[in-house]
Amino acid sequence: ARQKSGRSPVFHRRLDGKKSRSCKKYFEYQEIYATLILHDKIKESGDWSMSGLFRALHRTKVFRNLTEQEFAWVLYDVGNSAFIMLACSLIPIWFKSLAIGTGPGKISSDQATAYYSIAIAIVTVIVALIGPVCGVLADHKDKKKIFFTTTAGLGIAGCVLNGFATSWVLFLVIYILTRICYNASLTIYDSMLNDVTTEERMDEVSSYGYAWGYLGSCIPFLIALIAYVLGPDMVGVLPDSVSKIIGFGVTALWWLIVTLPLLKGYRQKNYVETKAVTVGQTFGKIFGTLKKIAVSDRKVFFFLIGFFLYIDGVGTIIDNCINIGTDLNLNTVGQVVFLLATQVVAFGGSLFFAKLSRKKDTVSLILICIAGYFVICLYALTLRTLVHFAILAFGVGCFQGSIQSLSRSYYSKIIPAENSGEYFGIYDIFAKGASFLGSVVIAVVKLAGGTINVAVACLAVFFALGFVFLKIADHQPMAGEK
């Protein structure tokens, strides 16, 4: 019915917003009718393929506010989030199970922790260096899809191979390469936002990505977690190698499946005309853009400073959640349960801010999130029990996805659309370095004899400064405007 009427989804939402109940009911029935027609067509043609399934899913009430391009873009957040959730939980455990021991080639627990940290540092540095380069090259006509397909494909392949690694050295090397490809794909993916939606809908679509990323990542993670529980560390039904293969395999399969719609339907609308460029010219363009941002594009300049400060605080809290609990001698199982619940809270929080973005401007919503994190940091001074930890986790979940999604969409609005790849490469230097300064602050406070409560409270300074710089950025004119 919608297709025959020729009306756009936006037109439908406007009508749906009217007070007339009959109008609302009409469009509700219209949606149901369209879904049933689609189901019948799939049944008649026998198209129970993946594309048919995705089309049916897109027609459901949950996603009906999204266009097909927006829906496909959101799905990639669902896929890549599964890998990063595995990386934050089970991958370090599997690495240490391979590395720690007294036999030949084995290392101590402290050495394993150190090597794993070095691996993460290597990934951060390499991504910071190649992100802008990939972005510059991807900005050329019809290149963005090629770069995205390559990096996402290599990341998925690396995820599969990680499950078959039998030595800790090989495991760590494959993991480093997989994380690099994963992060490179995100640089291109973020820059696609300008192509898949309009400026007015960027906040909502970006928030949908984070929201469904949090919730969708739980599905493959639960399967991987069951495989781990059945492994030798707990129940002992599955061998360690089989447990790892299942965990990595399910995550890679999930990542691949939900990436397919974007690979199939994406079209690059904003680009620079293709011409041969040398490596020297590429780096020259990056340095030229950095100079332009620092000298003439004050809006982007002050935003990036503010973003670096507050997102560093966000990353530090996320990375040190378990450390906070263990320092307070809280029950480990309870901590994990509440952190998993945080994913669901983050899903709801992101959708809530997505709805608010229709009525409120982006900067105001980001400032609310920053203020929320400021209060969370001060609340950390009162942490004593598992209940206090649960309240902290709930607070983090309320703002965790929203502050990241709204920052991404706001940045998309203030940069040149045709150079979005390059600009998001620069953006990711700040985003991927998140938790660097905050972790230093926590380390200094702890080494000086302070408590974890005081250390987390000190992070409030990052949010206060980020708040100030974002306000300054908001009052700056766009590049080229007086």
Side-chain angles (χ1 to χ4, degrees), residues 121-141 143-144 147-148 151 180 183-195 202 268 270-312 314-315 362-363 366 404 407-437 462 465-466 468-482:
I122 291 172
V123 170
T124 302
V125 172
I126 293 177
V127 168
L129 292 174
I130 69 171
V133 177
C134 289
V136 170
L137 297 175
D139 280 334
H140 292 283
K141 187 177 181 180
K143 294 294 188 293
K144 195 168 285 186
F147 274 86
F148 175 73
T151 52
I180 290 171
N183 284 314
S185 75
L186 285 188
T187 298
I188 309 301
Y189 167 72
D190 288 342
S191 70
M192 289 177 171
L193 186 58
N194 282 303
D195 294 320
M202 281 183 182
Q268 187 174 352
N270 301 289
Y271 53 82
V272 295
E273 288 300 329
T274 303
K275 60 180 180 179
V277 291
T278 64
V279 175
Q281 289 173 327
T282 300
F283 279 102
K285 190 174 189 307
I286 293 169
F287 287 120
T289 301
L290 289 172
K291 183 179 178 181
K292 176 187 173 185
I293 291 173
V295 174
S296 59
D297 199 345
R298 311 301 285 177
K299 195 175 193 70
V300 173
F301 178 71
F302 283 114
F303 168 76
L304 287 175
I305 294 175
F307 174 72
F308 175 69
L309 290 167
Y310 69 73
I311 210 66
D312 195 281
V314 172
T362 314
V363 173
I366 298 175
Q404 296 177 79
S407 297
R408 175 171 64 183
S409 58
Y410 178 71
Y411 187 71
S412 295
K413 296 174 185 178
I414 63 174
I415 62 174
E418 68 276 8
N419 297 116
S420 59
E422 178 186 4
Y423 273 78
F424 266 101
I426 296 170
Y427 175 89
D428 281 348
I429 294 175
F430 297 91
K432 299 302 183 289
S435 81
F436 172 73
L437 290 179
F462 290 93
L465 292 174
V468 171
F469 277 103
L470 183 58
K471 288 285 286 185
I472 295 173
D474 188 40
H475 288 90
Q476 300 299 312
M478 294 284 287
E481 295 180 358
K482 292 184 179 180

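Both backbone and side-chain heavy atoms feed into the values below; hydrogens, waters and symmetry mates do not.
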Rounded to the nearest 0.5 Å, how far does [atom2] of [Y] lie from [atom1] of [X]?
X: Ser420; Y: Asp190; atom1: OG; atom2: CG; value: 10.0 Å
X: Asp195; Y: Ser412; atom1: CG; atom2: OG; value: 10.0 Å
X: Ile130; Y: Thr187; atom1: CD1; atom2: OG1; value: 7.5 Å
X: Phe301; Y: Ile472; atom1: CZ; atom2: CD1; value: 10.5 Å
X: Ile286; Y: Glu422; atom1: CD1; atom2: CD; value: 6.0 Å
X: Leu290; Y: Ile426; atom1: CG; atom2: CD1; value: 4.5 Å

Given Asn419 and Lys285, is the side chain to side chain contact (heavy atoms under 4.5 Å, CB included) satisfied, shown in steps? CA-CA 11 Å; Asn419 297 116; Lys285 190 174 189 307; 3.4 Å; yes

Sorted by chain and residue number, the ring pair (Phe, Tyr, Trp, His ring centres under 6.0 Å) partners of Tyr411 (sequence neighbours excluded) come out as Phe303, Phe424, Tyr427

Could you report the tightest heavy-atom contact between [X] and [Y], atom names first, then the distance?
X: Gly421; Y: Lys144; value: N-NZ, 4.2 Å
X: Lys471; Y: His475; value: O-ND1, 2.7 Å
X: Ala184; Y: Thr151; value: CB-CG2, 3.8 Å
X: Ile414; Y: Val300; value: O-CG2, 3.6 Å
X: Pro132; Y: Val127; value: CD-O, 4.4 Å
X: Leu137; Y: Lys143; value: O-CB, 3.5 Å

Let's go through Met202 and Leu193 carefully: what are the C-alpha distance in whole Å and the side-chain angles of both, what is the deciding distance for side chain to side chain contact (heavy atoms under 4.5 Å, CB included) to 0.1 Å, and is it a yes or a no? CA-CA 7 Å; Met202 281 183 182; Leu193 186 58; 4.2 Å; yes

Counting N and O atoms only, with roles assigned by atom type, does the side chain of Lys299 sit under 3.5 Å from a partner on the main chain of Met478, one being a donor and the other an acceptor? no

Would you please name every residue forming a side-chain hydrogen bond (donor to acceptor under 3.5 Å, both in side chains) with Tyr310, sequence neighbours left out? Ser407

Could you list the residues that satisfy side-chain hydrogen bond (donor to acceptor under 3.5 Å, both in side chains) with Arg298, not counting sequence neighbours? none

Between Ile122 and Ile126, does a side chain to side chain contact (heavy atoms under 4.5 Å, CB included) hold up when you go through it step by step? CA-CA 6 Å; Ile122 291 172; Ile126 293 177; 3.6 Å; yes

The test is side chain to side chain contact (heavy atoms under 4.5 Å, CB included); show your working for Tyr423 and Ile293 and say whether it passes. CA-CA 10 Å; Tyr423 273 78; Ile293 291 173; 3.8 Å; yes

